[in-house]
There are 2 protein chains.
Amino acid sequence: MTNAERVKVAEPSSALADSIRASGLKVTAPRLAVLRVLDQAPHSTAERLFVAVRAELPGTSLQAVYGVLAAFAGAGIARKIEPAGSPALFERRVGDNHHHIVCTRCSAVRDVDCAVGEAPCLTPAHDSGFAVHTAEVTYWGLCPDCQAATAAAPSTLSIPAPLSNKGAR
Amino acid sequence: MTNAERVKVAEPSSALADSIRASGLKVTAPRLAVLRVLDQAPHSTAERLFVAVRAELPGTSLQAVYGVLAAFAGAGIARKIEPAGSPALFERRVGDNHHHIVCTRCSAVRDVDCAVGEAPCLTPAHDSGFAVHTAEVTYWGLCPDCQAATAAAPSTLSIPAPLSNKGAR
DNA sequence: TGTCGTGTTTTGATTGACTCAAGACAACTG
DNA sequence: CAGTTGTCTTGAGTCAATCAAAACACGACA
């Protein structure tokens with residue numbers, strides 16, 4: 001194999017590579033790809049990321065994506081959120097203890113800034129003796145699109161592709 | 001079949017039966033059993049309830065328990081909570097919009113009264129146009145038992161039967 | 001620049017939690 | 001007491017995620 005033939009699977013020096021290296025993880029093509037996609041589409045499922053990563057790195061397996069995400073979450077460069085009734089979602093925004101609004105109808109997710117900024121931003125009135133270190137807040141409601149849709153056709157039951165993560169970024 | 005032989009599968013007049021009937025649901029033996037168990041062991045999984053219900057009503061199927069729980073949740077006489085990383089839990093306490101503390105180590109769950117009392121008890125700073133109707137708060141921390149255990153053996157890694165729902169009542 | 005060791009990824013199997021569907025059965029209505 | 005409708009049983013199937021073993025590649029070191 002000549003040097004020209006060697007596929008440059010990873011770009012060793014980039015902001016993405018740096019943030020991976022800085023966490024003590026090896027820089028690999030799947031990891032760069034997942035991180036890149038995660039920037040463009042926050043609140044994505046592993047499955048969704050897998051499809052997007054495959055587009056630019058065809059050989060990647062779903063297990064690799066799960067592995068990458070577990071490594072990222074463990075290293076603190078990505079965050080896993082698990083809204084009720086939906087598969088786990090991932091985002092790069094970490095360290096600011098922000099929260100989420102989820103649409104009850106289409107499962108779109110948006111970030112909500114935390115007023116305090118650091119965990120736990122809320123403390124329970126009676127903690128039952130627990131040593132609380134995090135307060136996780138999930139708001140549930142109707143996104144603007146679904147408000148419009150239900151107002152236009154209140155009884156039409158126009159199926160809104162639930163859990164599609166539509167418009168979540 | 002004589003009248004004496006007829007198995008009284010349900011007690012037609014009881015507080016439990018009344019609360020089922022009041023929701024427009026038929027009163028059946030599995031429903032009474034689930035409701036009774038749910039009183040004694042809040043924050044139980046469907047599986048756990050299934051085992052307990054079986055003890056007093058041996059013929060009951062797991063699907064029946066799922067069906068009962070779905071009916072109860074739909075009718076508003078039980079609530080389903082889904083902490084990250086754990087199967088769904090159920091409780092009878094409804095209508096007061098209370099929250100939960102979950103132990104990071106052993107998954108024990110306790111109720112936390114909501115300071116405000118009605119949903120949404122919290123409103124986001126920027127709602128992104130969402131019509132918010134609920135704010136769900138989950139506190140994460142170490143329960144008293146696990147604080148003691150980690151203090152006594154900080155590095156021993158004594159496996160604490162995670163997700164066992166131990167002591168959750 | 002080449003080699004080696006450890007951490008990653010691939011491949012394939014497996015689990016856990018839950019849902020769907022069809023037929024048997026039982027609770028409430030009149 | 002009989003009919004209707006809703007509920008339960010049985011059995012299959014889905015989805016998300018995890019586990020394990022072997023092939024492979026990153027990055028430290030010579």
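Throughout, protein chains are lettered first and strands after them, A, B, ... in sequence-line order, and every chain is numbered starting at 1.
The separation between A/Leu32 atom CG and C/dT9 atom C1' is 15 Å, rounded to whole Å. The separation between A/Phe50 atom CZ and D/dA17 atom P is 14 Å, rounded to whole Å. Straight-line distance from the OH atom of A/Tyr66 to the C1' atom of C/dT14: 14 Å, rounded to whole Å. B/Leu57 has its CG atom 13 Å from the P atom of C/dA26, to the nearest Å. With rounding to whole Å, A/Arg31 atom CZ is found 13 Å from D/dG27 atom C1'. When rounded to the nearest whole Å, the span between CZ of A/Phe72 and P of C/dT8 equals 10 Å. We find that CD1 of B/Ile20 is positioned 11 Å from P of D/dT7, with the value rounded to whole Å. Between B/Leu89 atom CG and C/dA17 atom P the separation is 11 Å, expressed in whole Å.
Ion pairing of A/Asp39 with A/Arg36 is absent here, as no side-chain N (NZ or NE/NH1/NH2) approaches a carboxylate O to less than 4.0 Å. A salt bridge links A/Arg93 with A/Asp113; the closest basic N to acidic carboxylate O contact falls under 4.0 Å.
The A/Val27 side chain lies nearest to D/dG27 when the options are C/dT19, D/dA16, D/dG27. Comparing C/dT11, D/dT18, D/dC8 by their closest approach to the side chain of B/Val68 singles out D/dC8. Out of C/dG5, C/dT9, D/dA17, the shortest distance to the side chain of A/Pro30 is found at C/dT9.
Listed for the A/Ser23 side chain is a donor-acceptor partner under 3.5 Å among the backbone atoms of A/Ser19. Judged purely by atom type and a 3.5 angstrom limit, B/Glu136 has no side-chain atom pairing as donor or acceptor with the backbone of A/Glu136.
Residue B/Glu82 is the one, among B/Glu82 and B/Lys26, whose nearest nucleotide of DNA chain C lies closer to the 5' end (criterion: closest heavy atom).
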Working for side chain to side chain contact (heavy atoms under 4.5 Å, CB included), residues B/Arg105 and B/Gln147: CA-CA 9 Å; B/Arg105 190 156 167 279; B/Gln147 287 175 59; over 6 Å; no
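Using a 4.0 Å heavy-atom cutoff across all strands shown, A/Ala71 reaches no nucleic acid atom at all. Residue-level contact check: A/Leu25 touches the backbone only, with heavy atoms under 4.0 Å from sugar-phosphate atoms and none from bases.
Residue B/Gln63 places a side-chain atom within donor-acceptor reach of the base of C/dT19, judged by atom type and a 3.5 Å distance cut-off alone.
B/Thr28 has a side-chain polar atom (N or O) that falls below the 4.0 Å cut-off from OP1 or OP2 of D/dC8. For C/dA27, the OP1/OP2 oxygens have no side-chain nitrogen or oxygen of B/Arg21 closer than 4.0 Å.
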